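For this chain, numbers begin at 1 and follow the sequence in order. Quick caveat, the model's predicted, so the values are computed rather than measured.
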Amino acid sequence: MRATAVLLGAVVAAGSVAGCTRTTTDSDEPLLDQLQDRGSVTVGFAGEAPYSFMDDGQLTGATVALHREIFGNLGIDTVEGVNADFGALIPGLQARRFDVVSAGMSILPQRCEQAAFSEPEFNYTTALMVPTGNPQNLTDMESVRDSGARMVAMTGAIESDYAQDLGIDATQVATPQDGMDAVVNGRADVFALTGISLNWLAQNNPDAPIEVTPSFVAVINGVPQVGAGGTVFRTDDAALRDAYNEELKKITSDRDKYLSIVGEYGFTEAELPDPELTTADLCEGVG
């Protein structure tokens with residue numbers, strides 16, 4: 001979520017292909033009005049299941065499902081997508097390659113300096129993907145550091161930050177599949193990512209010789225890292241973000257409604273955002 005990487009050329013819509021150009025004009029009309037006039041919104045995504053990814057040529061995932069619900073309620077019926085490396089999402093947003101970022105991106109102070117976030121959509125925990133049997137008995141980030149295990153993390157993901165803060169020399173990979181492949185092929189001992197993503201990978205690759213550790217809250221310098229993610233907007237699109245937040249609150253304040261939208265992607269009540277944890281707090285580093 002920080003490194004500037006090259007956008008991938010694939011640009012996908014829900015059943016169609018769009019051009020990889022600027023999605024908005026230099027019009028003085030607020031983006032919300034532009035999107036309502038257009039009837040569609042283009043989201044940047046990084047192919048991380050189960051948040052936002054392609055399945056049989058269709059854009060899908062928990063964040064995409066939220067976006068179809070929320071933008072639909074705002075009079076924007078079509079959600080299209082631009083696939084990018086995770087680290088290219090905020091730069092791509094700033095370059096107007098897409099209108100918002102749909103990736104369940106962690107809300108962090110350094111990111112809040114570059115873009116505006118919705119209120120939290122998901123709570124996070126971290127997990128580790130290791131070879132079957134967990135031969136190094138890895139349980140959390142500190143155990144990775146202390147064991148000297150070879151770790152991979154996704155470029156721009158929060159786990160890369162955890163590794164850096166703990167002095168772990170983690171190799172960067174572009175996608176979750178790359179991380180799993182590194183463990184399967186013996187190029188790495190462990191792949192760190194959100195628990196929900198790693199469990200999805202494991203469930204959808206039942207023959208892979210890997211397992212996923214129980215999820216945990218990472219601790220950095222004695223401070224538990226409470227994670228939450230949201231949709232990302234440009235800082236000058238506050239009206240769109242505010243309208244989005246109004247609709248989001250109707251969902252996150254209703255457990256059954258929330259689970260009816262994201263439950264099919266493996267999300268449970270454990271991922272329902274804590275109503276006491278706000279984006280303002282997370283942008284200030286309070287969690």
Side-chain angles (χ1 to χ4, degrees), residues 1-2 41-55 59-71 79 81-90 92-93 98-108 110-112 114-127 153-162 174-177 179 191-201 204 215 217-218 225-233 241 244-245 247-249 251-252 258-259 261-274 277-279 282-283 287:
M1 306 168 200
R2 12 282 158 205
V41 59
T42 302
V43 304
F45 72 102
E48 181 182 352
Y51 297 100
S52 48
F53 61 104
M54 294 297 293
D55 185 25
L59 180 61
T60 188
T63 57
V64 174
L66 279 174
H67 286 162
R68 289 193 171 121
E69 176 77 15
I70 291 172
F71 286 115
V79 177
V82 174
N83 192 3
D85 285 347
F86 200 84
L89 288 172
I90 287 181
L93 178 68
F98 26 84
D99 302 308
V100 301
V101 171
S102 176
M105 187 178 286
S106 294
I107 304 167
L108 300 172
Q110 62 268 35
R111 294 185 187 137
C112 295
Q114 305 172 56
F117 282 80
S118 71
E119 289 301 321
E121 297 169 337
F122 307 104
N123 278 346
Y124 290 137
T125 51
T126 296
M154 201 161 71
T155 301
I158 185 62
E159 291 76 23
S160 292
D161 284 354
Y162 295 161
T175 69
Q177 184 67 50
F191 174 35
L193 195 63
T194 60
I196 196 118
S197 294
L198 292 184
N199 284 313
W200 180 278
L201 266 176
N204 285 274
S215 296
V217 174
Q225 304 297 299
V226 177
T231 294
V232 193
F233 303 81
R241 180 204 60 200
Y244 183 94
N245 278 336
E247 295 298 324
L248 175 63
K249 186 174 181 180
I251 297 171
T252 55
Y258 180 79
L259 294 179
I261 296 171
V262 303
E264 68 177 285
Y265 302 101
F267 290 78
T268 68
E269 192 170 0
E271 282 74 47
L272 185 65
D274 179 352
L277 186 62
T278 68
T279 291
L282 292 162
C283 286

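The side-chain hydrogen bond (donor to acceptor under 3.5 Å, both in side chains) test applied to Glu271 returns Thr268, not counting sequence neighbours. Partners of Ser118 under the side-chain hydrogen bond (donor to acceptor under 3.5 Å, both in side chains) rule, at least two apart in sequence or in another chain, do not exist in this structure. The salt bridge (Lys or Arg N to Asp or Glu O under 4.0 Å) check on Glu119 picks up nothing, with sequence neighbours excluded. Considering only residues two or more places apart in sequence or on other chains, Thr126 meets the side chain to side chain contact (heavy atoms under 4.5 Å, CB included) condition with Glu159, Tyr162, Phe216. Every residue two or more places apart in sequence or in another chain that forms a ring-ring contact (aromatic ring centres under 6.0 Å, His included) with Phe71 is listed here: His67, Tyr244. With sequence neighbours left out, Tyr265 forms a side-chain hydrogen bond (donor to acceptor under 3.5 Å, both in side chains) with Thr60. The salt bridge (Lys or Arg N to Asp or Glu O under 4.0 Å) test applied to Glu247 returns Lys250, not counting sequence neighbours. Residues forming a side-chain hydrogen bond (donor to acceptor under 3.5 Å, both in side chains) with Ser52 (at least two apart in sequence, or on another chain): none. Under the ring-ring contact (aromatic ring centres under 6.0 Å, His included) criterion, Phe53 pairs with Trp200, not counting sequence neighbours.
Expressed to the nearest 0.5 Å, how far OG1 of Thr175 lies from CG of Asp85 amounts to 8.5 Å. A distance of 9.5 Å separates CZ of Phe98 from CG of Asn83, quoted to the nearest 0.5 Å. Remark: Ile70 CD1 to Ile251 CD1 distance equals 4.0 Å, nearest 0.5 Å. Taking OG1 of Thr279 as the reference point, atom CZ of Phe117 lies at 8.0 Å (rounded to 0.5 Å).
Formation of a donor-acceptor pair under 3.5 Å by the Glu69 side chain with backbone atoms of Ala65 is not found in this model.
For the side chain to side chain contact (heavy atoms under 4.5 Å, CB included) with Tyr51, the lone residue among Val262, Leu66, Thr194 that qualifies is Thr194.
Within the 4.5 Å cutoff, side-chain heavy atoms of Leu93 are placed close to those of Val232. Between Gln177 and Leu201 there is a side-chain heavy-atom pair separated by less than 4.5 Å.
Pairing each heavy atom of Pro120 with each of Leu248, the nearest pair is O-CD2, 4.0 Å. The minimum heavy-atom distance linking Ala228 with Leu282 is given by the pair CB-CD1, 3.7 Å. Heavy-atom minimum distance, Ala88 versus Ala84: CB-CB, 4.3 Å.
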(message) Please evaluate residues Gln225 and Asp161 with respect to the criterion side chain to side chain donor-acceptor pair (under 3.5 Å), reporting the C-alpha separation (whole Å), side-chain torsions for both, the decisive distance (0.1 Å), and the verdict.
(response) CA-CA 11 Å; Gln225 304 297 299; Asp161 284 354; over 6 Å; no
(message) Run Glu121 and Thr231 through side chain to side chain donor-acceptor pair (under 3.5 Å) and show every step you take.
(response) CA-CA 8 Å; Glu121 297 169 337; Thr231 294; 2.8 Å; yes
